[in-house]
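This report refers to the structure that appears directly beneath it.
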Amino acid sequence: MVNDATATAGPAAGGGERPALAIEGLRFRYGADGPWIIDIGGLRLARGEQVLLTGGSGRGKSTLLQLIAGLLEPTSGSVRVEGQAMHGLRGAARDLFRGRHIGMIFQTFNLLHGFSALENVMAALMFSSIPRGEHRRRAAELLHHLGIERADADPDRLSVGQQQRVAVARAVACDPVLVLADEPTASLDPENSATAMELIQQIAREKNAALLCTSHDPAMADRFERRVTLEELRA
Amino acid sequence: MTDWTIITRSLTARLFSTVTTVITVAVAVALLLTLLTMRDAGRRAFDRGSGNMHLLVSRDASPLVSVLNGVFYAGSPRRPIEWSKYEQLARSAPFEFAVPTQIGDNYRGNPVLGTTPEFFTRFQPVDKRPWAFAQGRAFDKDWEVVLGAQAARATGLRLGDKISLTHGAAAAGDGRAGPAPHEHQQFKYEVVGILEPTGSAHDRALFTSLQSAWIIHAHDRREREEMAEAGRAGERPAGHEHETAEEHAAHADTHDHEHEARTTAADLVEGDRLITGIYLRLIARAGSDAPANLPQVFDQLRRDTSITVAQPQQEIGKLFGIVSSVDKILLGMAVVVMISSGIAIMLALYNSMEQRRRQIAVLRVLGASRARVFNLVITESAVIGFLGAIAGVAIAAGGLVVVARVMKRSVGLVIDAGLAPDVAMIVMSLTIVLASLAGIIPAAMAYRTAVAKNLKPMG
């Protein structure tokens, strides 16, 4: 199923529950007179909803995810995560909010080298409100759940597929309301891509987190009920 | 997983860089600590020794040499003072004490001071701290010897041991004329006392009665006279094969003397009664250490051109004045080395930043604030400083022991080689502060790391 072009309403968008993600009039460009990289009228994702954002390389998919995560400042418009205006938060408050409410998965995994798989997951928990005493157990259980048996291994010693699982575990360790996955299968072969995407979607469902996934892999399209392009979202 | 885990992993991930930087800091800290400690310890060591004496009289070439020889045993005075001169000087002013001393003999390289019992009862090597005996007592007759604390340790002698002193100068190394050192086996001294340490140069000396030293001098004189007489008569004294007095003196400790009769106090003549220094203290009012007539007596004694008069405290002050410029240069160099070590820390962290941008970006994505990332780098820098400071203190502690030994051996200065805890703490604290400051630029780089840019490729 393909959403309408503006895609302003998700399954729960009209309900009383706050959406996991609500974007309104979001515009972004580099400099004062550059072309608009992002120009979105609106986008809403309910808790548990999964959306695939497609489009060619360099069209601004990653930029949109960075705006949502509060890593870039929009030129105008707003991004709300579970009702909280991301860009209304400043400095450490925004960083902390991101750490606790948004999970990010990257194409290159961006695991911390020199730290074990377990420590990579625990690194995410460092910034959560979860008591420190529970971090190790929680991280170990999550890795085990995702099929990582060698939790103490350095990620460099794990297969690419296992590294992706560690990255997924880290993204969902804090029970986020929103998972942003930026080309999460681009580094994987087709077989592993399917497995990895299945894993990401499954864990997002288990955590009842909204999932916004970017990809230019056509094979991914069938995995999502809701699919949008940046062009469709344009205001 | 804590901030500390991140810091330690970062340090161990680039172990070679960390270790070399820590070593750089450690060397700088050790250098600074050694210089500071030696400066203070040196001053303390020089302040000790002259104790409660006001004036020192000798016939050395200058007042400073007089103090170095007479108080710190740096060398043996060349020109003695006759006993009659001592008696005249001792009566010349109202002195609380006028302790005669004679330096020139040694035991296994430790200087021997011939003196009178007043040396122990009136003179105090450290002002307001009288001599204290760890064992035994002061000598009260000839052929008894008291050991300084360090001399006792160095020689291993105990109460009741019998020793022979080496008569004549120990290896002075200045090429001066004088009798070659030789041992008089027939004159045995008994160890009757061992002193508590004073921290002064006296700790490495042995103390005997003046008369004992005079008798040995007299013994040598008689030998020379006998040989001269025998030479005139065309025969040699019994038991001797030496051609000349010089040859006799040079036979050193190769055999015992076997003169027909042992020399005693009865054989002393005026020419044997020689001393090399006089410790003088003027009568001062109770509670005061600066008698009003000190300048007047000092000037009066200085008018006597046959003697050298020194005010030990002033001479020590002058000595420190001479070396203070060198002292400042050395301290300046140590500070420069410290700053260099700070730069080394900064460079090590700065270079690592390029490799760590992605790690920092990931931590930011996970929820670390800019301030937290900044603090991580500053703390890492401070940890390098702390490790360097600890290693530096250890190196300095070991180095000071070595330097103290060298100082004792070369100039006879007994230096307290212990690191002052407050100085060590101050230097360590400053090192950590300096290291933290050195971390500011790398930390600022971490603070400004563009997260989005450093997470690429993202699609």
Side-chain angles (χ1 to χ4, degrees), chain A residues 53 55 57-59 61-63 65-67 69-72 91-104 106-116 118-128 132 135-136 139 167 170-171 173-174 180-184 186-187 214-216, chain B residues 1-19 348-349 351-380 383-384 442-444 446-459:
Chain A
L53 179 65
S57 292
R59 306 298 289 272
K61 300 190 299 293
S62 296
T63 304
L65 297 195
Q66 288 164 3
L67 282 164
L71 298 173
L72 290 175
R94 189 194 296 179
D95 295 321
L96 203 59
F97 184 84
R98 177 176 54 247
R100 292 181 176 178
H101 295 87
I102 301 174
M104 293 190 79
F106 307 95
Q107 174 188 333
T108 51
F109 315 143
N110 282 324
L111 295 174
L112 296 169
H113 295 280
F115 296 84
S116 68
L118 186 71
E119 287 168 336
N120 264 276
V121 180
M122 289 170 72
L125 293 165
M126 274 177 71
F127 307 101
S128 71
R132 190 176 299 280
H135 289 188
R136 180 170 292 275
R170 188 177 68 185
C174 296
L180 303 174
D182 193 359
E183 301 280 2
S187 302
T214 70
S215 177
H216 57 265
Chain B
M1 186 81 174
T2 60
D3 287 6
W4 183 247
T5 314
I6 295 170
I7 290 165
T8 52
R9 290 298 162 80
S10 174
L11 289 171
T12 51
R14 46 192 177 82
L15 196 59
F16 182 76
S17 169
T18 301
V19 170
L349 290 174
N351 291 333
S352 76
M353 277 304 132
E354 282 305 315
Q355 302 154 10
R356 295 170 64 187
R357 285 186 189 281
R358 179 170 288 210
Q359 183 198 66
I360 290 163
V362 172
L363 288 173
R364 291 289 315 284
V365 164
L366 295 178
S369 64
R370 287 178 187 274
R372 192 155 175 179
V373 168
F374 183 91
N375 287 338
L376 279 173
V377 178
I378 290 285
T379 308
E380 186 175 326
V383 167
I384 292 173
Y447 183 92
R448 297 171 59 136
T449 294
V451 179
K453 182 180 165 190
N454 285 285
L455 289 174
K456 286 183 176 177
M458 290 182 74

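Keep in mind it's a predicted model, so treat the numbers as computed, not measured.
No side-chain heavy atom of B:L366 sits less than 4.5 Å from a side-chain heavy atom of A:R98. Two residues are said to be in side-chain contact when any heavy atoms from C-beta on lie closer than 4.5 Å; A:F106 and B:V362 fail this criterion. Looking at A:Q66 and B:K453, their side chains never come closer than 4.5 Å, going by heavy atoms from C-beta outward. With a 4.5 Å cut-off on side-chain heavy atoms, B:T5 and A:M122 do not count as touching. Counting heavy atoms from C-beta on, the side chains of B:M1 and A:N120 never come closer than 4.5 Å.
In this structure a side-chain-to-backbone donor-acceptor pair under 3.5 Å is missing from B:R358 to A:L112. Of the possible polar contacts, none joining the B:R364 side chain to the A:L71 backbone as a donor-acceptor pair under 3.5 Å is found.
The local environment of CZ in A:R59 is sparse, with at most 12 non-hydrogen atoms from other residues, nucleotides or ligands closer than 6.0 Å. In this structure, A:R136 places its CZ atom where only 12 or fewer heavy-atom neighbours from other residues, nucleotides or ligands lie under 6.0 Å away.
Ranked by heavy-atom pairs under 4.5 Å with chain B, the first of A:S128, A:G91, A:A124 is A:A124.
With a threshold of 4.5 angstrom between heavy atoms, A:R132 approaches chain B through side-chain atoms but not through N, CA, C or O. Heavy atoms closer than 4.5 Å to chain B are found nowhere in A:F97, neither backbone nor side chain. Neither the backbone nor the side chain of B:T12 comes within contact range of chain A; no heavy atoms are under 4.5 Å apart. Using a 4.5 Å cut-off between heavy atoms, A:A69 makes no contact with chain B at all. With a 4.5 angstrom heavy-atom cutoff, B:A368 touches chain A via backbone and side-chain atoms both.
Contact detail for B:A452 and A:L72: the closest heavy-atom pair is CB-CD2, 4.2 Å.
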*asked:* Is there a side chain to side chain contact (heavy atoms under 4.5 Å, CB included) between A:M126 and B:R372? Walk through the geometry before answering.
replied: CA-CA 12 Å; A:M126 274 177 71; B:R372 192 155 175 179; 3.7 Å; yes
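Between the CG atom of A:N110 and the CG atom of B:L363 there is a distance of 11.0 Å, given to the nearest 0.5 Å.
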